[in-house]
Amino acid sequence: MLNAAEDKGNSLLPEEIQRYLVGGKFGSVIEYHQSLGSTNERAKELAALGGPEGLVVVAESQKQGKGRLGRTWFSPQGKGIYLSLIIRPPLKPVEISGFTLLGAVALAEAVFQITGLRAGIKWPNDLLVKGKKFAGILTEMKSEQGENYSLILGTGINVNSDPLDFPLTIRDTATSLKMILGKELERARLAGALLQVLEKLYVEYLEKGLEPILQLWKEWNVTLGQWVTISSGTEKYFGQAVELDQTGALLVKGSDGKIHSFISGEVTLKN
Ligand code: BTN
């Protein structure tokens, strides 16, 4: 297997990603690893050491990639983008709900910019094509001294994986951009586009609040209007996903006509 230095044309080396950045803060410093437990964990360590906003950790593979809701994120060598970004929003922690939706919009826009592919967002931040997932986001908060905190926005994208790369347990539900488009993509270019769009949306969020981001999310979403089962903790609820509230929570209308609001959970779409 080629290591990153040999496979320069398709690595996540900082200089490869930074070729696609035009100024800005996000990605101006990138810490690169061939292999890591989890880029989110490493970004949290760096944040605790005072790592600045915009600092990025990338890895060619992860041994303990983490997904949402305690799941693992399958992270094979050289096939995906495993990237975590430190953000230090000048906002109170209660004001940052919905931030994770911003990440999903950025992913959808970056993929569209680079490939022309229109993916759908399943609430809150899964990227799907034909019902199969190729990317997701894990946002974690790291409390620091006093009121300070940082946000770690971790993105996993299956870029150049082939069907047999996936373990059997997810082979029916996971896909990659290569499987969808029938060709390999330059991962660094997509990572660069993602950082650019993330920064653009973040600036917009700080200037105008969450509302414009929620509107964009709705343009990409494949959840609202659908009948869904939502699992949240031990609770399972069936109903029609009708709206987002102003914080990004999903509103689901049950058969009794009552509206339930979910701030986290796993949505299964009834096709
Ligand atoms: C999900 O959809 O469940 C979220 C997946 C997030 C995976 C990424 S890969 C980079 C970063 N590091 C991790 O350990 N997880 C996130």
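Just so you know, ligand 1 is whichever comes first in the structure, and atom 1 is the first atom listed for that ligand.
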Visitor: Only pairs at least two apart or in different chains count here, so list each salt bridge (Lys or Arg N to Asp or Glu O under 4.0 Å) that has a residue in residues 236-260.
Guide: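 Non-adjacent pairs meeting salt bridge (Lys or Arg N to Asp or Glu O under 4.0 Å): Lys218-Glu243.
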Visitor: If you round to the nearest 0.5 Å, how far is CD1 of Ile230 from NE2 of His260?
Guide: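 Here the rounded value is 11.5 Å.
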Visitor: Identify, chain by chain and in numerical order, each protein residue with a heavy atom under 4.0 Å from an atom of ligand 1.
Guide: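 Contacting ligand 1 under 4.0 Å are Ser38, Thr39, Asn40, Gln62, Gly65, Lys66, Gly67, Arg68, Trp73, Tyr82, Leu83, Ser84, Asp126, Lys133, Gly136, Ile137, Leu138, Gly154, Thr155, Gly156.
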Visitor: Could you state the interatomic distance from CD1 (Ile152) to OG1 (Thr39), rounded to the nearest 0.5 Å?
Guide: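 Rounded to the nearest 0.5 Å, the CD1-OG1 separation comes out at 9.5 Å.
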Visitor: Are any of the side-chain nitrogens in Lys66 or Glu41 under 4.0 Å away from the carboxylate oxygens of its partner?
Guide: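 Result for this pair is yes, salt bridge flagged.
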Visitor: Between Glu266 and Arg71, is the closest basic N to carboxylate O distance under 4.0 Å?
Guide: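 Answer for the salt bridge query: yes.
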Visitor: Whether Lys200 and Glu109 form a salt bridge (side-chain N of Lys/Arg under 4.0 Å from carboxylate O of Asp/Glu) is what I want to check.
Guide: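 A salt bridge is present here (some side-chain N lies under 4.0 Å from a carboxylate O).
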